[in-house]
**Student:** 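If you scroll down you'll find the structure; I have some questions about it.
Every heavy atom of this structure was used, including side-chain atoms; hydrogens, water molecules and symmetry mates were not. The structure presented is a predicted model; accordingly, all values stated were derived computationally and were not measured.
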Amino acid sequence: MKARVLSGVQPSGQLHIGNYLGALKNWAEIQSRYESIFCIVDLHAITTYQNPAELSAKIKETAALFIAAGIDPEQSWIMVQSTVPGHAELAWLLTCVTPLGWLYRMTQFKVKAAQQETVGDGILQYPVLMAADILIYQASIVPVGEDQSQHLELTRDIAQRFNSLYGETFVMPATHLPSVGARIMGLDDPTQKMSKSAKGAGHAIALLDDPKVIQKKIMRATTDSEPAVDPAKMGAGIANLLAIAQACDPSITKETVAGMRYGDFKKLVAAAVIARLEPLQRRYREITADPGYLEAVLKRGREHVLPIAEDTVQKTKHAMGLHI
Ligand code: ATP
Ligand code: LTN
């Protein structure tokens, strides 16, 4: 039997090149070796307010982007988190074995809580629901960007604690980071992670941005004031652009860009990104031209994962004595 892979993306905001290089591209590369489940985590998205009509459109857009980025629905399962009730049910069972201190320590919680006037409980519970997403499928591999490493550690801690309290129930999942592109930074501020929820027109390259827009954003990206690329002392902005270019086109390396003037270097980066996204955007347009196709893919994914999820929930409840 193939080992199982599970990962997810929130259908909030516009998916960007960080999501692609940190997650989707890696998923597409490893999918044939595993039984892969890719989840649109809409229950995570609503931990911050989402406009209902926009959210429902974003769920479909995200599914289409998974496929456009190379997830093959004939090979992998694509599903929407809220359509499988076991995720929320298991999250509650796991909540009951999770010490509050573990949740308060999460970096993402601290950052998101600081951005809001009223901090919803969902922001705190977020990583427990994520643990449920993973443990419900007994996934052994979770391909994510570096920002999720801490949540993965917490998932293992929760699984371990549950297993030691109630007996072996969950498989221990391993984190799988991409070799390049695990942490793409904002173009406007290379000290901040590129993020869907960050505001600012020049912050992120959206996967569906027009080539002209991509070019403009990269040409305006924040760099230091050196005249040319020096591989021995690259500032954060230049290092970030190089990571983006390398992940899009592996023939671009420190050596090939050494000595290039920043303007020329940025043109090279823009060309690599545009060339990488062009087939993805074309495929996205084809997929969205046929809404019936997407619905069928999501239905098939749900039907495949539902019994697996149900089985784990039953096993977990049984282990805790929740049966008569
Ligand atoms: P938000 O800002 O709304 O929290 P996000 O941009 O962080 O969203 P998610 O849906 O939370 O996006 O993340 C989906 C996947 O993309 C995760 O595997 C995450 O690690 C990865 N990812 C997100 N941002 C980056 C980034 N800047 N670089 C590399 N990977 C990233
Ligand atoms: N928290 C993740 C999204 C996510 C996820 C998951 C990733 C929710 N459930 C399960 C991997 C496995 C994020 O990227 N912000």
Side-chain angles (χ1 to χ4, degrees), residues 1-11 15-41 44 62-63 65-79 81 84 87 90 94 102 106-108 126-160 162-163 169-185 193-196 207 240 243-244 246-250 276 280 301 304-305 308-309 312:
M1 218 173 74
K2 282 182 177 174
R4 205 171 275 144
V5 158
L6 181 288
S7 198
V9 170
Q10 302 182 70
L15 262 70
H16 52 73
I17 191 101
N19 298 130
Y20 175 67
L21 300 176
L24 301 180
K25 177 170 171 273
N26 198 15
W27 301 359
E29 283 164 5
I30 66 173
Q31 64 183 335
S32 63
R33 286 183 267 142
Y34 304 101
E35 180 194 344
S36 306
I37 302 170
F38 298 118
C39 188
I40 296 142
V41 290
H44 278 105
T62 308
L65 280 170
F66 281 12
I67 304 169
I71 308 307
D72 176 4
E74 300 297 319
Q75 214 172 101
S76 304
W77 307 101
I78 302 176
M79 43 81 62
Q81 186 187 32
V84 177
H87 289 245
L90 184 63
L94 298 178
W102 292 5
M106 293 295 107
T107 308
Q108 185 178 296
Y126 183 109
V128 184
L129 179 59
M130 176 164 163
D133 297 338
I134 297 165
L135 301 177
I136 204 165
Y137 299 115
Q138 308 286 3
S140 45
I141 294 149
V142 185
V144 283
E146 200 185 83
D147 62 311
Q148 295 304 309
S149 295
Q150 195 187 35
H151 286 162
L152 260 298
E153 269 167 45
L154 180 80
T155 299
R156 287 188 287 273
D157 288 343
I158 294 174
Q160 229 144 34
F162 189 98
N163 286 352
T169 307
F170 299 116
V171 167
M172 230 30 85
T175 311
H176 186 294
L177 299 179
S179 48
V180 224
R183 187 173 178 82
I184 301 297
M185 311 309 280
K193 178 189 93 96
M194 188 179 283
S195 155
K196 279 194 244 103
L207 295 182
N240 187 43
I244 294 173
Q246 256 179 322
C248 288
D249 176 355
R276 177 49 90 147
L280 183 152
H304 176 79
V305 304
I308 310 171
T312 306

**Student:** Is the shortest heavy-atom distance from the side chain of W27 to the side chain of S7 under 4.5 Å?
**Tutor:**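 Yes, side chains in contact.
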**Student:** Are the side chains of I158 and F170 in contact, using a 4.5 Å heavy-atom criterion?
**Tutor:**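 Of all side-chain heavy-atom pairs linking I158 with F170, none is under 4.5 Å.
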**Student:** On a heavy-atom basis, which atom in L65 and which in L24 lie closest, and how many Å separate them?
**Tutor:**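 Closest pair (atom of L65, atom of L24, distance): O-CD1, 4.4 Å.
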**Student:** Any sub-3.5 Å donor-acceptor pair from E35's side-chain atoms to A3's backbone N or O?
**Tutor:**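 Between the backbone of A3 and the side chain of E35 there is no qualifying donor-acceptor contact (under 3.5 Å).
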**Student:** Can you tell me if R4 uses its side chain to pair, donor with acceptor, with the backbone of I141 under 3.5 Å?
**Tutor:**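 No; judged by distance alone, with no hydrogens or angles, the pair does not exist.
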**Student:** How far apart are the closest heavy atoms of L135 and V171, and which atoms are they?
**Tutor:**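 That would be CD2-O, 3.7 Å.
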**Student:** Nearest 0.5 angstrom please: I17 CD1 to M194 CE, how far?
**Tutor:**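 Answer rounded to 0.5 Å: 7.5 Å.
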**Student:** Hey, could you give me the CD1/CG distance between I134 and L90, rounded to the nearest 0.5 Å?
**Tutor:**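 Output value for this atom pair is 11.0 Å.
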**Student:** I'd like to know if the side chain of T312 and the backbone of I308 have a donor-acceptor N/O pair within less than 3.5 Å.
**Tutor:**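 Pair found, side chain donor or acceptor close to backbone of I308.
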**Student:** Kindly compute the distance separating OG (S76) from CD1 (I67), expressed to the nearest 0.5 Å.
**Tutor:**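 Spacing of OG (S76) from CD1 (I67) equals 10.5 Å.
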**Student:** Determine whether the aromatic ring centres of F38 and W77 lie less than 6.0 Å apart.
**Tutor:**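 So the answer is no for these two rings.
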**Student:** Partners of N26 by side chain to side chain contact (heavy atoms under 4.5 Å, CB included), sequence neighbours excluded?
**Tutor:**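 Result, side chain to side chain contact (heavy atoms under 4.5 Å, CB included) vs N26: E29, I30, P143, H176, P178.
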**Student:** Going by ring-ring contact (aromatic ring centres under 6.0 Å, His included), name the residues that satisfy it together with Y126, two or more places apart in sequence or in a different chain.
**Tutor:**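 Scan of Y126 (ring-ring contact (aromatic ring centres under 6.0 Å, His included), adjacent residues dropped) gives H44, H151.
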**Student:** Between the main-chain N or O of T107 and the side-chain N or O of Q150, is there a donor-acceptor pair closer than 3.5 Å?
**Tutor:**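 It does hold such a pair.
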**Student:** Going by distance alone, is a donor N or O of one side chain under 3.5 Å from an acceptor N or O of the other, for Q108 and D147?
**Tutor:**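 D147 and Q108 do not have a side-chain donor-acceptor pair below 3.5 Å.
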**Student:** What heavy-atom pair brings L21 and I184 nearest, and what distance separates the two atoms?
**Tutor:**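 The pair with the smallest heavy-atom distance is CD1-CD1, 4.0 Å.
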**Student:** List in chain and number order the residues that pass side chain to side chain contact (heavy atoms under 4.5 Å, CB included) with N19, two or more places apart in sequence or in another chain; answer none if no residue qualifies.
**Tutor:**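 Side chain to side chain contact (heavy atoms under 4.5 Å, CB included) check on N19 returns L15, H16, K196.
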**Student:** Show the nearest heavy-atom pair for residues K2 and S32, with the distance to one decimal.
**Tutor:**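 Answer, listing the atom of K2 first, then S32: NZ-O, 3.2 Å.
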**Student:** To the nearest 0.5 Å, what is the distance between CD on Q81 and CD1 on I136?
**Tutor:**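 One gets 9.5 Å once the value is rounded to the nearest 0.5 Å.
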**Student:** Would you give the length of the straight line joining atom CG of L152 to atom CG of L177, rounded to the nearest 0.5 angstrom?
**Tutor:**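 One finds 8.5 Å between CG of L152 and CG of L177.
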**Student:** Could you tell me which non-hydrogen atom of P173 sits nearest to which non-hydrogen atom of V142, and how far apart they are?
**Tutor:**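 In terms of heavy atoms, the two residues are closest at CB-CG2, 4.0 Å.
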**Student:** Any side-chain heavy-atom pair from M130 and H87 closer than 4.5 angstrom?
**Tutor:**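 No, side chains not in contact.
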**Student:** Hydrogens and angles aside, do R156 and T175 bring a side-chain donor and acceptor to less than 3.5 Å of each other?
**Tutor:**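 Yes, a side-chain donor-acceptor pair sits under 3.5 Å.
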**Student:** Please find the pair of heavy atoms, one from Q31 and one from G70, that lie closest to each other, and give the distance.
**Tutor:**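 Reported closest heavy-atom pair: NE2-O, 2.8 Å.
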**Student:** In Å and rounded to the nearest 0.5 Å, what is the CG to CD1 distance from D72 to I78?
**Tutor:**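 It is 8.5 Å, given to the nearest 0.5 Å.
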**Student:** Would you find a donor on one side and an acceptor on the other, under 3.5 Å apart, between the side chain of Q138 and the backbone of T169?
**Tutor:**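 Flag set: sc Q138 to bb T169 pair under 3.5 Å.
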